[in-house]
Amino acid sequence: MNLKEHIKATMASSLLVLILVGLDQWSKWTIQTHMKLYESIPIMPGFFKLFYVQNTGAGFSLFEGFGPWFFLILTLIALCAIVYYFYHTNDRMVQLSLTLIFAGAIGNLIDRMRLGYVVDFFSFNLFGWDFPVFNIADICISVGFILLVVYLLWDEYRKEKQWKNNIKS
């Protein structure tokens, strides 16, 4: 990828990060402004509701109580790694995946630094099990990670298939 293409990819990714972080922060502000802590609004009774909670941990409340500085350092390390890999790959799908993860990490980092916790509000009940409450930033991180893993596995499969075909020839 030449410099011009890298600049285009960076601009597109930056715009996507701004949109996703903006949407994430707007949705959290809306929840905090219009709902009380632990208030629940059923959307699809028995399956999906808006449920305002404050998460002081990481995804699924892991590392709860570790404090905002722990998450600041951890997030900054992750963001540096994401930026490094973004600029050292020419693959648009990998860049998209990293962009989604980056946006989600920034969205939750803003909450942690500004509020000391992350605002979560999407709540699903799957077959009688309450799935951990999450937000738009968490969706970005999860979708980005899943896309990255699926793409890397698919890419490895294609390379192995091509290698086997070359041996047969």
Taking all heavy atoms of [X] and all of [Y], pick out the closest pair and write down the distance.
X: Asn135; Y: Asp138; answer: OD1-N, 2.8 Å
X: Leu147; Y: Ser97; answer: CB-OG, 3.4 Å
X: Gln95; Y: Ala9; answer: OE1-CB, 3.6 Å
X: Ile31; Y: Leu50; answer: CD1-CD1, 4.3 Å
X: Asn108; Y: Ala137; answer: OD1-CB, 3.4 Å
X: Lys28; Y: Phe121; answer: CG-CE2, 4.0 Å

Worksheet entry | Evaluation steps, side chain to side chain contact (heavy atoms under 4.5 Å, CB included), between Asn90 and His6 | CA-CA 8 Å; Asn90 294 327; His6 258 300; 3.9 Å; yes
Item to complete: Quick one: sort the Phe124 and Phe134 rings into parallel, tilted or perpendicular, breaks at 30° and 60°.
Response: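 Because their plane-to-plane angle is under 30°, the rings of Phe124 and Phe134 count as parallel.
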Can you tell if the side chain of [X] reaches within under 4.5 Å of the side chain of [Y], non-hydrogen atoms only?
X: Ile139; Y: Phe122; result: yes
X: Phe71; Y: Leu109; result: no
X: Tyr87; Y: Thr10; result: yes

Fill in: Option from Val133, Ile43, Val53 for which side-chain contact (heavy atoms from CB on, under 4.5 Å) with Ser123 holds
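That would be Val133; it is the only one of Val133, Ile43, Val53 passing the side-chain contact (heavy atoms from CB on, under 4.5 Å) with Ser123.
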Practice prompt. Evaluate the criterion side-chain hydrogen bond (donor to acceptor under 3.5 Å, both in side chains) for residue pair Asn55 and Asp111; output intermediate values, then yes/no.
Written response: CA-CA 10 Å; Asn55 181 358; Asp111 281 16; over 6 Å; no
Discussion item. Using ring centroids (six-membered ring only for Trp), state whether Tyr157 and Trp154 fall under 6.0 Å.
Written reply: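 Ring centres of Tyr157 and Trp154 closer than 6.0 Å.
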